[in-house]
Amino acid sequence: RRGCLKALEDHHIAPPYCADFSVYEAQRAEVVESAVKLVQHNRQITALACATDDIAIASISGLSQAGISVPGDVSVIGFDDIEMAESTVPALTTMRVNKHSMGRMAVQILLNHALLETRDCVNSYFRPTLVERASVVERT
């Protein structure tokens, strides 16, 4: 969220158009309602960047039910590249992260903590890759 708000600020996009709900605790209905309200009250929005693929999929569903075309009116992108992402209609454009590498790194850090009895902070960075599908169109 902080990164998204910073990017909006850096590109002089104000006000920051964000739906406010807990990413981890929100029910599907809350996600749908938030996405639809955000777009209906801000018709200048042409794309939604969602924190997870689940949120993106729920948003696509809600927008479609509200008569808002994805990607015709609004493009939608998710994050995670879950299995369901390619079978949604339209197929979800998303950012893929290497979950296997993340898991290996997490286990290695836990082992280091356990075996070396260290509590040092470790920062790890994983570069996501864009998976282009049908939920995003280029706008001019």
Side-chain angles (χ1 to χ4, degrees):
R1 181 177 175 82
R2 282 182 288 173
C4 181
L5 291 173
K6 176 76 169 114
L8 291 171
E9 179 184 312
D10 290 350
H11 289 87
H12 310 290
I13 299 173
Y17 302 106
C18 294
D20 289 316
F21 54 83
S22 170
V23 172
Y24 302 107
E25 297 173 10
Q27 299 296 314
R28 182 179 175 86
E30 184 181 3
V31 172
V32 167
E33 180 182 353
S34 294
V36 170
K37 275 186 182 178
L38 184 65
V39 172
Q40 285 179 334
H41 292 118
N42 302 281
R43 286 297 184 164
Q44 66 274 30
I45 291 176
T46 59
L48 296 179
C50 301
T52 69
D53 285 351
D54 287 328
I55 291 170
I57 291 166
S59 296
I60 288 172
S61 174
L63 292 170
S64 296
Q65 290 171 9
I68 299 167
S69 171
V70 175
D73 298 321
V74 177
S75 293
V76 177
I77 185 170
F79 193 94
D80 286 332
D81 195 25
I82 62 174
E83 203 168 306
M84 190 185 310
E86 62 186 317
S87 61
T88 62
V89 178
L92 180 63
T93 296
T94 186
M95 298 299 294
R96 178 182 293 148
V97 291
N98 189 327
K99 295 172 189 144
H100 294 285
S101 292
M102 290 174 68
R104 281 195 302 273
M105 178 66 74
V107 169
Q108 185 62 53
I109 292 169
L110 287 172
L111 286 172
N112 287 348
H113 283 317
L115 297 174
L116 303 175
E117 296 183 11
T118 179
R119 298 288 177 244
D120 294 339
C121 180
V122 176
N123 292 314
S124 300
Y125 298 93
F126 295 89
R127 186 178 310 260
T129 56
L130 178 65
V131 179
E132 294 184 65
R133 296 195 181 107
S135 67
V136 170
V137 295
E138 186 174 334
R139 299 182 197 284
T140 55

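Since we're looking at a predicted model, the values are computed, not measured. Heavy-atom basis, side chains included; hydrogens, waters and symmetry copies ignored.
- Looking only at side-chain heavy atoms (C-beta outward), N112 and V122 stay at 4.5 Å or farther from each other.
- To the nearest 0.5 Å, the span separating CG on L115 from NE2 on H113 amounts to 11.5 Å.
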Checklist entry - Between C50 and V76, is a side chain to side chain contact (heavy atoms under 4.5 Å, CB included) present by the stated rule, with each step listed? => result CA-CA 7 Å; C50 301; V76 177; 4.1 Å; yes
Next on the checklist: Please determine whether side chain to side chain contact (heavy atoms under 4.5 Å, CB included) holds for the pair L130 and I77, giving the CA-CA distance in whole Å, both sets of side-chain angles, and the decisive distance to 0.1 Å.
Outcome noted: CA-CA 10 Å; L130 178 65; I77 185 170; 3.8 Å; yes
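- Around atom NZ of K37, no more than 12 heavy atoms belonging to other residues, nucleotides or ligands sit under 6.0 Å away.
- A continuous path of ILVMFWY side-chain contacts below 4.5 Å connects V36 to Y17, so both sit in one hydrophobic cluster.
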Item to check | Trace of the side chain to side chain contact (heavy atoms under 4.5 Å, CB included) decision for M102 with V97 | outcome: CA-CA 8 Å; M102 290 174 68; V97 291; 4.2 Å; yes
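- S64 contributes a side-chain N or O that, together with a main-chain N or O of I60, makes up a donor-acceptor pair within less than 3.5 Å.
- The main-chain N or O of I45 is never found under 3.5 Å from a side-chain atom of N42 such that the two would form a donor-acceptor pair.
- Hydrophobic clustering of Ile, Leu, Val, Met, Phe, Trp and Tyr side chains at less than 4.5 Å, counting indirect connections, keeps V131 apart from F126.
- D53 places no side-chain N or O within donor-acceptor distance of the main-chain N or O of A85, the cut-off being under 3.5 Å.
- Distance CG/L92 to CD1/I57: 5.5 Å, rounded to 0.5 Å.
- Between atom CD of residue E33 and atom OG of residue S59 there is a gap of 12.0 Å, rounded to the nearest 0.5 Å.
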Next on the checklist: Could you walk me through whether Q40 and L63 satisfy the side chain to side chain contact (heavy atoms under 4.5 Å, CB included) test, starting with their C-alpha distance in whole Å, then the side-chain angles of each, then the deciding distance to 0.1 Å, before giving a yes or no?
Outcome noted: CA-CA 9 Å; Q40 285 179 334; L63 292 170; over 6 Å; no
Next on the checklist: Applying side chain to side chain donor-acceptor pair (under 3.5 Å) to S75 and R139, what does each step give before you reach the verdict?
Outcome noted: CA-CA 9 Å; S75 293; R139 299 182 197 284; 3.2 Å; yes
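- The environment of CD in Q27 is sparse: at most 12 heavy-atom neighbours from other residues, nucleotides or ligands sit within 6.0 Å.
- Atoms CE and NE2, from M105 and H100 in turn, are 15.5 Å apart once rounded to the nearest 0.5 Å.
- Atoms CD1 and OG, from I109 and S124 in turn, are 4.0 Å apart once rounded to the nearest 0.5 Å.
- For the atom pair OG1 (T129) and CG (N98), the distance works out to 8.5 Å, reported to the nearest 0.5 Å.
- In terms of hydrophobic clustering, with Ile, Leu, Val, Met, Phe, Trp and Tyr side chains grouped at heavy-atom distances under 4.5 Å, I13 and V74 are assigned to a common cluster.
- V136 and M95 fall within the same hydrophobic cluster, defined by Ile, Leu, Val, Met, Phe, Trp and Tyr side-chain heavy atoms under 4.5 Å apart, directly or through other members.
- Both V70 and V39 belong to a common hydrophobic cluster when Ile, Leu, Val, Met, Phe, Trp and Tyr are linked at side-chain heavy-atom distances under 4.5 angstrom.
- With hydrogens and angles disregarded, no donor-acceptor distance shorter than 3.5 Å links the side chain of R133 to the backbone of T93.
- Counted within 6.0 Å of CZ on R127, heavy atoms from surrounding residues, nucleotides or ligands total 12 or fewer; the atom is thus considered open.
- Counting non-hydrogen atoms of other residues, nucleotides and ligands closer than 6.0 Å to CD of Q44 gives a total above 12.
- Closest approach of L5 and C18 over heavy atoms only: CD2-SG, 3.6 Å.
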